[in-house]
K.L.:
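The structure follows.
Below, read A as the first sequence line, B as the second, and so on, with proteins coming before strands; counting in each chain starts at 1.
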Amino acid sequence: MIASIALIIFGLTFVAAGIRAAIGPTLADRVAALDVGVVSIMSAVAVDAADTGSTRLVPVLAVMAIVGFTATVAASRFIEYEESAT
Amino acid sequence: MAHLVGVVAVLSLPNPRPAFAVALAAPLASAVWAASRLGGGETDTARLDWVEGLDLAVSFRVGPLGALLAVLVSGIGVLIFVYGHGYFGGGDRRGFAATLLAFSGSMLGLVWADDVWTLFLFWEATSVTSFLLVGTKSTDSAAVTAARRALLVTVAGGLVLLAGLLVLVDVAGTATLSEMGPVTGDQATVAAVLILVGAFTKSAQLPFHVWLPGAMAAPTPVSAYLHSATMVKAGIVLIGLMHPVLGAVDIWSGLGVTVGLLTMFWGAIGALRHADAKLVLAWGTVSQLGLMTAMMSLGSGKAIFAAVSLVVAHAVFKAALFMAVGEIDIRTGSRDLRSLSGLRTSMPVAFWVMVFAGLSMAGVPPLLGFPAKEAAIEASLKESGASGDLILAGVTIGSVLTVAYTTRLVLALFSDKGGEPTEVAPFRWAAAAPSVLLSALGVVGYVLAPSVTDWVVPAAATLETTSTGYALLRWPGLDSTAFWISMGIVAGGAIIGAAAARHSSPPEPVGANNVDRLVDRTLDLAKWTTGRVQHGSLPIYLVVMALVASLAVIPFLGSIDAGQLHAWDRPLQAGMGTAVVAAAIAVAAIRSRIGAALALGVVGLGVSALFLIQGAPDLALTQLLVETVIVVGFVIGLGGLTTQFPANGFVWRSVRIGTAVLAGTAVTVALLASAEDTPSNRESLTAAAVDEGGGNNLVNVILTDLRALDTLGEVVVLVVAAMGVLALSRADTARGGGAPLSDDVRKVRR
Amino acid sequence: MTALVGLLVVVPMLAAAIGFVAGERQWVRDILTVGTLAGATAIAGILLAHVESEGTVVLRVGDWDPELGIVLVVDLMAALVLLVAMATILVVQLFAIGQRRTAWGADPQLSGPLLLVLTSGVVLAFLTGDLFTLFVAFELILVSSYVLLTHQGRRGQIRSGMTYVAMNLFASTLFLVGLAVVYASTGTVNLALLAERIPELDDPLRWGIGLWFLVVFGTKAAIFPLFSWLPDSYPTAPTTITAVFAGLLTKIGVYVLIRFHVLTGMDDLGPLILTLAALTMVIGVAGALAQDDVKRILSFHIISQIGYMLMGLGLFTLAGIAGAIVFLVHHIPVKTVLFLVGGLIEEREGTSALDKIGGLAQRQPLLAVLFALPALSLAGIPPFSGFVAKLALVDAGIEKVVVPIVVIALANSVLTLVSMVKIWTGVFWGSGDDESATPIRILRPGHRLMVGATAVALVASLAIAASFGPLWELGERAAADLLDPSAYIQAVMS
Amino acid sequence: MIRGRSPVVRSAIRAASPLALLVAAFLFFAGHNQPGGGFAAGLVIGAVVALRTVAGIGRPQDATRWFAIGTALVSVVALAPLLGGEPLLDQVIVSETVPLLGKVKSGSALVFDAGVTAIVVGLFVAVFDGLDADELGRDEVQV
Amino acid sequence: MRLLRQHFPIRRVILIVGLVAAWCALWNRLSIANIVSGLLVAVVVSHRSVGPAGIGGVRLRPLLKLGAIVGQDLVMSTFNVAYEVITPTDYTEEAIIGVDLPSNARAHMMLIAVAVTVTPGTAVIDVDPDTSRIYLHVLHAERAEATAEHVQELADLACRALPMPTDSEAPS
Amino acid sequence: MSVTLALVVGGLTSVGVYLMTSRSLTRMLLGFALLGHAAVLALLAAGGEAGERPISGDAPVAELSDPLPQAFALTAIVISFGLTLFLLALARRQAQLTGDDLVEDDLEDRRIALETEAEGHDA
Amino acid sequence: MSPVAAAFVLLGSFVSLLSGIGMLRFRTPYARFHAAGKASPIAFLLVAIGASLETGWAGRAEFLVVAVALVLTLPVAVHLLFRAVHRTEPVPIGRDDLATDTGKDHD
Ligand code: NA
Ligand code: NA
């Protein structure tokens, strides 16, 4: 029950992030939204772990953290680069 | 076989000079061999199985008819090679000689064929080689057009023939000619019509005659050979060969005789109108072929006999006439009846050749043409009833006209038109001798008519056993009706001919344009169709494809079973699914590139979440990683482009949206229609993975072991894709721009 | 025997990888590619001989139960087509080695290895007894084709490559969806099991699956109306690549169509397939007639000829399917030679546009012969292989009394000839536009190799014509095997 | 003077790299029994490559070498069984009890997976080469 | 021994220890096998060409104190955001302020940046290594000075936690 | 079959097709990526109802989700990943050559189509 | 789930919700980044603590690794976002030392 509530809430956060990704307006906003999306899925996985007591997916969370970071760095780096190049 | 060797030999000649001499060897050999068999009764066969499963074989049967025709084909062939040497003078003619030789071989194969497929093989071979020969002057667009026309008509006819042969083989139960018995019935009628049409195209019968006059664009040796002795006779020979099989079919003789006589009439009219000597001969050939067709399909013993005789006589005199006109052509540079003048004195040899061969054509004694035509008239006389009268009338009128155009030709060509006589180039023996020989043969043939009869009769008898009782009569006697008709024909024709000698309407190739127009029309239609179908625009192709896929889904609609469906696996699936689709729509709605790419990232995240919900953590993990890389790659690779996507028109956008919705529906329907009574082998899979694969993560074991081959392929795909990325980035811009497209790109773009 | 099958799949991949890293050492790549392809051809020959006498060879990859793992199946049809395909690729590679110094040569550092990847994909597509592995094989073929088509980065290539990529990717997506439907409905992707289970499905579902895969494989095979990618993409690629594509790639689509639809008993789709066959023939040849460029004409011909193979399939009779198989076998070398000649023309004249070339019959008589014979074969003129193949199909049509398709098939031959004549009169006769003709001079040995390779392919095609008797027999046996899938099922499962 | 590249980012990436690679190694070795595997490991290493590329820190250069290693590994696993008369891709599992470490279980699937990883890493290197991503790592930007 | 010292400076050793711990954590088991394999992996992945430049020492006490403050900030930060979200606040008071740091070493800057970012209402916008100045975004301009002081404190701790052999930038 | 999944697949396909039919290579690329998602989800849906992650020992075998379609999906993801990257390079090259990323028509096709259009449709 | 763990999980979801609302509500990008870059990782950390209580020491250690990875990387990511916005699409705000120091006033 508690897990379900939590999952739904993280789902809502994901949706909020999706909306921000869709409406922008700055590119950085979209990037940030993507970040929030990743973290909310990470959180959902953690909720599942709390619910089931299984840690199978925890290493996956580490990957998510790294990967989310990668996307943000590359995108924001690119935004700057493009702006300065023009 | 000798011919094939000959072709190779000629092509591989180091020195072009003796091309014709070498080429001559093969037909000489076959002519001598065939001549030695004339009149004899023996029959030789040869058979080479090709595709037994399809009853395909190459088989020959050389009997009296084969020998007679082979003498004509090869004998005249020898003379043509001699003539060709004189006609062309010098230059590298290896290709021409080889092609001519190949043609000659094909023609032999055709007349010797004992199998419908062999016959068809050589039938098509003559079409193709004649195409090459007619187009010898390949830089002349008229010659090229004529060659194309000839090829199209004959090959199209060939395919009709093929269809007819297929049906015939079906009815007759065999493909071997000598094993076929007479057939009748509906299917036989179909076969008969198809085969006759095939024969008509080859033998230039109305309305397929249109290719022949145009083919005069060929060098005269070609015309003399193809359009006198050989190719155009193929249709006649075919009708003859089919007579024992299809002669009993009702429509056979009616159709053949009607078309033949009409052609005879129409060809003669054409010959009377033209001012080009060669065209006159061409139209004359059409006319003569009409007569032969009529006789051959008439099918009585006498008619077949007459037809074979005509084939022989025509081959001899028409080749001579062509050669003489060709000689005039190369020595004066003209073939125009209206301008040539004074040739009787300046070219006496050609004159006498024309006179003798012309008289033979007109059917005047003492020339071989006379008894042949007598036989034809007698055969017409033998027909009873109204149709018999009609046939007689037709043959008579046609013959009158034949005499007329012959007279006109000789008179107009050699008359003095006042003014300067036409300049004439030096005499060439090689160009003149063959025609002299042939016109002399006309006389000799008349003199030796009994011998000729001995050759013709067994040949005709192989087609129609009742042909045996007839002979070529040098002098039929004054009590012969046919004789008086003949005399009337000659007299009437001469008067008309003399009168027409002064008149020439401007040359108008009646009907020839129709084929060209048909071809052009076809090309236009093809272009139009292609323009519609192959639009050149990728988005349209994709729309078509999506619509086709949507159509393919229709049967699935009948297989959706609501009992097998459930709304969702987990409620969260519904929520996340909605989010995914919404994000996907955002991808389409966002007009900035990086923005759309980031929205794609959100879709990917959502899909990962769906994977997790579905119980597929490996997929989720991979999807997440992949998604990130793609977003990064997108941003780095394409972020530099102008930020906004171009807008497009309302209609096109509506089409796209409509297509998209249809495609999406189609995919949904397909999935919903799945039966889902999966006989699961999850247990055995799990056991196998753990015991033999040595791992608990089933997906991983499948990927690295059970289905490692797929993974192997998959990583190779990655390698290749990466090499492609590298190659594209290294592609030198200068080289890439090396094939510059014009600025019309934008204009052409819709 | 199964070891040979294994080598056939993996060695080209390995050789390709070595080729990629060989750097400037061109001779390494030449030895690798030619050696591998020659070996593959030899193996294919051995396999054909073995299968012909001993029956189907089945390789269980990884020694897994066929219900769990992947099987590679060499039956008669596979072995037959495999041999022709391998030999064709070998010849084309020889041509490519000769051509590499011309502007029309592909980047040899990539093209050789990529051709090997393509080869492994082709092998896999022919041999796999697994629908998903077929997908992977398709992707192998496609990705190497994409890169081969576009790696030079020319503008026209990028454009046409995009068309090729987009349509085929779309087809790949549809393939996966179809695969999902099949798996959901039958619980397997093993062809032998599918041959058992699909016929047991309800009619609508079965038809749906059949149609869906008709679209998927039809796109690969370039049937109407899914062919548009082909004529837009082939002409821009380097000759050698086009030759392989033209000769081979669409035929893989046809092969798979035949295999899948016959094995799973889709006879009810016959009339539809025949209709599509007729349209494919006619529209393809219409396209050829409309073009004014050698390569484009030839490209449209591929489509038209696919129609014939489709016709054989659509009849769903022994004779029809055997006809389709032998047509396929005959068509590969013929088409390859024609495209190679197109490449030689381009090399000689600097273009393949009809209005800019002329009179080659005089200047390049050998080229004229190299073109004329396969062109006649394509038009179905005897005694070339095309005639027999067409005759077999038409005969099969008459046997099943499907008059319209027979009439169309015959009429189409004339149109084919018209377009061949168009090339002939445009290229070999007449006179060209001297200004735009810029012959590419390359070293004689290279030229000789190119002509030699073309000639070898032509000889192979003539040999096929000469030995059509045994070929037809093999085709009939292969068709019989397909029509009665129990042998296939038993070979795989036991 | 403020440079285009933030020193903070570079340090963070340097600090995170070992951990990321460790995670990659874990995914690689654990993949046979839990989520992960050679492909995921390769992607994580690839992510590190990406980070280092855009930050202008050293990264592997020659993609083809990775491909060579990777393809060689997978091909060896595929072909080696043929030498022993086994079918293509027939894999072996080795289970040994090693002193100190206890029971070690591994198989040729691991080698196969290593090949996959190498190829994925090579893919990243190639793609970042191909897309000129190194441009982003340049320190030319000045504000 | 010198070679060992050269290749395994103290920071790298600590890093390796941490990595081995992480390795064991990921495997869910503390066993000899895991430690041995973890060591192997950690040594490889902490190679100088990969990881942070391992020059200089580590002082545990300031590091722990820094951690404690950051943890405290974290909680505060949470409440802060919660408050801002729940109350309809108007952000007219945003500001970007520059704060001078005692060090321009990268490791310090990174540590500071991490610490600052979790501090309530602040985030690092840019860093100027030449002037050792860090620019922060603050949500509440009126608290700018307090924030600056807090950041100074964090910076001091960071510098003490990771003492440098020299004050110049470490080679990278 | 979960209707939700089928609808999601359909939705993704729709948007994917819409984008694929665009002239902009970037959008085609986006569309292709979406189609890839759709295909992978379709495969997953083919595996039947959601279950536990297919790791032997985590749950009874009967409760595990079907691993085979997951393996298919994984392979499909990877392949479409590689192709997407290649397409990216292709689009980039196009942009390099023409300054934008718009798909060009086949000029020869357009020439023929325009010729016949000019002549009217009576041909 | 133990009550304590449940409390952490719920608290985490609450914070996450706040971060989501903040992302949507805040007017300036900077403010949104505060919500995105701080609240959401905190939410995760809270849930992780809750989960750790359920999974024993091994699980706790694993979560610690994840937490370290996140804490190491996320602030830097947020920093980059701020920087990107400030450099490319700056929002004029009252006091901007950075703009002043670099001579780029944006108002
Ligand atoms: Na031309
Ligand atoms: Na994989």
Side-chain angles (χ1 to χ4, degrees), chain E residues 18-19 21-30 67 70-71 73-75 77-86 88-99 109-128 131 133-139 141 144, chain G residues 11 14-15 17-23 25-28 30-31 33-35 37-43 45-46 55-66 68-69 71-83 85-87 90-91 93-102:
Chain E
L19 288 173
W23 180 259
C24 293
L26 287 170
W27 283 102
N28 261 335
R29 243 165 67 95
L30 193 67
V70 167
D73 285 348
L74 210 66
V75 178
S77 186
T78 310
F79 283 113
N80 197 287
V81 169
Y83 174 79
E84 303 295 354
V85 171
I86 293 165
T89 324
D90 195 31
Y91 291 102
T92 47
E93 292 304 311
E94 283 179 67
I96 291 169
I97 59 172
V99 178
M109 289 195 167
M110 188 201 121
L111 212 52
I112 294 163
V114 169
V116 164
T117 306
V118 289
T119 301
T122 57
V124 180
I125 282 201
D126 222 331
V127 180
D128 188 342
T131 57
R133 201 166 152 80
I134 186 169
Y135 295 91
L136 308 175
H137 177 266
V138 292
L139 277 177
Chain G
L11 189 61
F14 175 67
V15 174
L17 194 63
L18 293 181
S19 113
I21 296 173
M23 288 259 325
R25 245 201 65 191
F26 291 159
R27 282 191 300 109
T28 65
Y30 300 125
F33 296 160
H34 279 285
K38 294 186 190 173
S40 67
I42 289 167
L45 290 177
L46 287 169
T55 56
W57 283 108
R60 274 162 226 174
E62 268 185 281
F63 273 112
L64 189 65
V65 173
V66 179
V68 168
V71 167
L72 213 59
T73 55
L74 213 85
V76 178
V78 174
H79 153 58
L80 273 171
L81 290 175
F82 272 94
R83 198 166 89 133
V85 167
H86 190 266
R87 287 192 178 180
V91 182
I93 49 179
R95 175 183 165 188
D96 191 341
D97 289 355
L98 182 55
T100 319
D101 286 1
T102 54

K.L.:
Specify the closest pair of heavy atoms between G:Pro75 and E:Thr117, including all atoms of both residues, with the distance to one decimal.
P.N.:
CB-CB, 3.5 Å
K.L.:
Which heavy atom of E:Asn28 sits nearest a heavy atom of G:Gly59, and at what distance?
P.N.:
OD1-N, 3.9 Å
K.L.:
Could you walk me through whether G:Arg87 and E:Asp126 satisfy the side-chain contact (heavy atoms from CB on, under 4.5 Å) test, starting with their C-alpha distance in whole Å, then the side-chain angles of each, then the deciding distance to 0.1 Å, before giving a yes or no?
P.N.:
CA-CA 10 Å; G:Arg87 287 192 178 180; E:Asp126 222 331; 3.1 Å; yes
K.L.:
Please flag which part of E:Arg133 lies under 4.5 Å from any non-hydrogen atom of chain G: side chain, backbone, both or neither.
P.N.:
side chain
K.L.:
When rounded to the nearest 0.5 angstrom, what distance separates CG in E:Leu136 from CG in G:Leu98?
P.N.:
10.5 Å
K.L.:
For residues E:Val124 and G:Phe82, report the shortest heavy-atom separation together with the two atoms involved.
P.N.:
O-CB, 3.8 Å
K.L.:
Let me know which of G:His34, G:His79, G:His86 forms a ring-ring contact (aromatic ring centres under 6.0 Å, His included) with E:His137.
P.N.:
G:His34
K.L.:
Atom CD1 of E:Ile125 and atom CG of G:Asp96: how far apart are they, to the nearest 0.5 Å?
P.N.:
7.0 Å
K.L.:
Relative to chain G, which segment of E:Ala144 carries a heavy atom at a distance below 4.5 Å: side chain, backbone, both, or neither?
P.N.:
side chain
K.L.:
Below 4.5 Å, heavy-atom pairs only: which of E:Val70, E:Leu26, E:Ile97 has the largest tally toward chain G?
P.N.:
E:Ile97
K.L.:
G:Leu45 versus chain E, heavy atoms under 4.5 Å apart: side chain, backbone, both or neither?
P.N.:
side chain
K.L.:
Got a second to check how far E:Phe79's CZ is from G:Leu18's CG, nearest 0.5 Å?
P.N.:
11.0 Å
K.L.:
Please name the pair of heavy atoms, one in G:Val71 and one in E:Val114, separated by the smallest distance, quoted to 0.1 Å.
P.N.:
O-CG1, 3.7 Å
K.L.:
For E:Ala141, which atoms come within 4.5 Å of any heavy atom of chain G: side chain, backbone, both, or neither?
P.N.:
neither
K.L.:
Can you name the closest pair of heavy atoms from E:Ala25 and G:Val65 and give their distance?
P.N.:
CB-CG2, 3.9 Å
K.L.:
Considering all heavy atoms of both residues, which atom of E:Met110 and which atom of G:Leu72 are nearest to each other, and what is their separation?
P.N.:
CE-CD1, 3.9 Å
K.L.:
Where on G:Val68 is there a heavy atom nearer than 4.5 Å to chain E: the side chain, the backbone, both, or neither?
P.N.:
neither
